[in-house]
S.K.: 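Please see the structure below; I have some questions.
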Amino acid sequence: MNTILYTQNKSATQKNTIVVNGEVFHNFDDEIANCAFHYIMKKSEKEERWNWLIKILINKGIIKSTKFKYIKDADGILIRSNFNEKDELGRYMPFLFFTKEKKLSSVNKSLKAYSKLLNRTHDEEEILGLDKAIKITLYGGISIGIILLSIIIWKI
Amino acid sequence: MILFIPIIPMIMLITAAVVMSGTITIIVYRHLKGKSIAILGMKGAGKTQMLANMRNMPYSEYTATLNPEKYDSFTIHLGNRDVRIAPGKDIAGGEEWIKPYYKEMIEKNDIVFFLFSATKYLNESTYNYDVRARLDFINEHIKEKEPVIFATFADKLKDGEEAFHKIMASISGKGYEALFKDNFVLLDTRDKKELMKHLNKIFS
């Protein structure tokens with residue numbers, strides 16, 4: 001499973017959709033769709049990463065969905081958020097997206113392409129903003145560490 | 001005999017008052033006790049909204065539920081009584097969730113709620129068919145338990161009483177008819193007061 005997009009549709013009478021490696025499925029009895037559905041569900045139950053940072057980004061309005069999830073493991077990255085489009089009840093349509101990409105910028109590109117298959121759009125700022133915030137936190141932490149280490153060495 | 005005489009006019013008076021006021025209550029409650037709940041139902045039927053109202057919390061984000069969302073133990077305040085509800089999962093309404101979750105949730109929880117949109121059930125044949133399929137599934141696995149069935153979006157109905165009878169007529173003679181015997185209610189899940197009124201009776 002390289003890339004999976006799982007989402008709902010506009011009407012409650014429409015079945016949900018799962019896109020597996022570019023192929024769109026509405027029937028979850030199909031072996032590929034069923035397998036992908038269980039795979040992405042298992043992935044979505046894994047421990048979320050950078051929770052505290054995501055909360056800050058939600059408070060700052062960079063991430064719009066309060067249910068935003070970022071899960072990363074050895075297999076790839078999973079994002080849970082909302083599309084910009086709404087369903088018949090006026091609710092933002094949520095999605096789960098899994099890809100084997102390792103970089104958030106690549107995840108964003110891939111999600112954009114998959115969303116296009118369903119005529120949807122996602123808020124790119126959410127993923128790119130998270131990417132930026134993680135980098136700042138990591139590089140900032142490393143820089144502070146190096147400075148502190150340098151001070152300690154200099155004092156000795 | 002002396003005691004019996006005033007009872008008859010009293011019954012007649014109450015009946016007349018109820019009929020004249022036009023508030024005939026059709027709902028028959030079977031009082032249920034329990035600590036864990038399963039909220040099952042169709043997509044967009046109001047499951048998450050109902051859970052939010054039960055928890056006395058705002059609907060955190062107006063979005064559909066896609067993957068199961070865990071909730072902690074909470075207390076429903078019903079007048080001067082508190083009912084403690086065990087932690088659980090808010091599961092999505094997509095049919096792909098039936099196989100992995102329904103059986104377990106029906107069997108493990110004390111009270112099973114099933115929600116469907118009354119308007120869609122009465123007006124859309126595909127939706128109607130899907131509701132019936134789920135009722136069949138519930139009926140097959142619920143055994144001694146009795147579910148609480150909420151036909152939601154009651155506020156969107158022109159005539160609630162007519163809708164109630166239409167729904168009852170549509171399930172008549174079906175294998176799952178018994179599920180509707182008690183605790184079948186037309187409800188607007190956004191109406192917290194109304195929901196609490198029903199929960200008060202269900203959890204009494």
Side-chain angles (χ1 to χ4, degrees), chain A residues 4-18 25-30 33-48 55 58 63-69 71 78-98 122-123, chain B residues 41-52 57-71 89-102 104 115-134 151-153 155-156 188-190:
Chain A
I4 305 164
L5 173 64
Y6 171 58
T7 186
Q8 68 157 114
N9 287 301
K10 287 211 168 181
S11 167
T13 43
Q14 282 177 285
K15 290 172 191 264
N16 287 341
T17 297
I18 193 159
F25 296 89
H26 301 291
N27 179 9
F28 285 76
D29 288 331
D30 183 285
N34 194 265
C35 189
F37 170 67
H38 284 96
Y39 186 81
I40 201 165
M41 277 311 126
K42 279 210 164 168
K43 288 282 174 210
S44 73
E45 286 165 7
K46 290 203 162 191
E47 199 185 342
E48 292 167 50
K55 276 179 190 163
I58 289 170
I63 291 178
K64 308 286 184 310
S65 172
T66 55
K67 292 180 180 177
F68 188 93
K69 258 186 184 185
I71 293 166
L78 179 134
I79 299 286
R80 188 249 183 253
S81 190
N82 297 328
F83 283 120
N84 293 324
E85 291 77 15
K86 293 177 181 178
D87 68 9
E88 62 183 1
L89 293 170
R91 305 178 300 179
Y92 284 105
M93 291 189 279
F95 66 81
L96 279 174
F97 182 67
F98 172 82
H122 74 283
D123 189 344
Chain B
M42 305 301 287
K43 283 195 288 183
K47 299 180 293 297
T48 306
Q49 177 74 71
M50 187 176 97
L51 185 64
M57 287 172 83
Y59 197 149
S60 65
E61 181 175 305
Y62 200 48
T63 174
T65 307
L66 192 64
N67 53 313
E69 288 168 18
K70 287 180 187 171
Y71 59 82
K89 275 180 185 172
D90 178 17
I91 68 157
E95 68 176 31
E96 60 274 19
W97 291 101
I98 299 175
K99 274 186 196 166
Y101 272 98
Y102 268 42
E104 187 193 345
L115 279 71
F116 64 90
S117 158
T119 49
K120 280 192 178 287
Y121 179 84
L122 292 169
N123 299 314
E124 293 180 33
S125 57
T126 317
Y127 189 88
N128 183 298
Y129 179 84
D130 288 345
V131 170
R132 287 159 183 263
R134 292 192 198 203
T152 60
F153 294 99
D155 55 313
K156 301 266 190 282
D188 170 13
T189 51
R190 290 168 304 175

S.K.: Which atoms of A/Tyr92 come close to chain B, meaning under 4.5 Å heavy atom to heavy atom: side chain ones, backbone ones, both, or neither?
M.R.: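 Both backbone and side chain of A/Tyr92 come within 4.5 Å of chain B.
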
S.K.: Checking heavy atoms, do the side chain of B/Tyr129, its backbone, both or neither come under 4.5 Å from chain A?
M.R.: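 B/Tyr129 has no heavy atom closer than 4.5 Å to chain A.
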
S.K.: Which of these passes side-chain contact (heavy atoms from CB on, under 4.5 Å) with B/Thr63: A/Ser81, A/Ser65, A/Pro94?
M.R.: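 Single side-chain contact (heavy atoms from CB on, under 4.5 Å) partner of B/Thr63 among A/Ser81, A/Ser65, A/Pro94: A/Pro94.
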
S.K.: Which answer fits A/Lys69, side chain, backbone, both or neither, if we ask what part of it has an atom under 4.5 Å from a heavy atom of chain B?
M.R.: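 When you check distances to chain B, only side chain atoms of A/Lys69 fall under 4.5 Å.
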
S.K.: Applying side chain to side chain donor-acceptor pair (under 3.5 Å), can you list everything that pairs with B/Glu104, at least two apart in sequence or on another chain?
M.R.: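 Scan of B/Glu104 (side chain to side chain donor-acceptor pair (under 3.5 Å), adjacent residues dropped) gives B/Lys108.
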
S.K.: As an exercise: rank B/Lys120, B/Lys99, B/Met42, B/Lys70 by heavy-atom pairs under 4.5 Å with chain A and give me the winner.
M.R.: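 That would be B/Lys120.
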
S.K.: Select one option (side chain, backbone, both, neither) describing which atoms of A/Asp29 are under 4.5 Å from chain B's heavy atoms.
M.R.: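 Contact with chain B: side chain only.
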
S.K.: Can you tell me how far the CG atom of B/Leu66 sits from the NZ atom of A/Lys67, to the nearest 0.5 Å?
M.R.: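 Result: 10.0 Å between the selected atoms.
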
S.K.: Find out whether B/Asp130 and A/Lys15 are in side-chain contact, i.e. whether some heavy atom of one side chain is under 4.5 Å from a heavy atom of the other.
M.R.: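 No, every pair of side-chain atoms sits at 4.5 Å or beyond.
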
S.K.: Using a 4.5 Å heavy-atom cutoff, which residues in residues 90-97 of chain B come close to chain A?
M.R.: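 Listed by number, the contacting residues are B/Gly94, B/Glu95, B/Glu96, B/Trp97.
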
S.K.: Under a plain distance cut-off of 3.5 Å, with no hydrogens placed, do A/Asn16 and B/Lys43 share a side-chain donor-acceptor pair?
M.R.: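 Judged by distance alone, the side chains do pair up.
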
S.K.: What closest approach, in Å, do A/Arg80 and B/Ala64 show between heavy atoms, and which atom pair accounts for it?
M.R.: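 Looking at all heavy atoms of both residues, the shortest contact is NH2-O, 3.7 Å.
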
S.K.: Say you draw a straight line from OG1 of B/Thr126 to CD of A/Gln14; how long is it, rounded to the nearest 0.5 Å?
M.R.: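 Nearest 0.5 Å value for the OG1-CD distance: 10.5 Å.
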
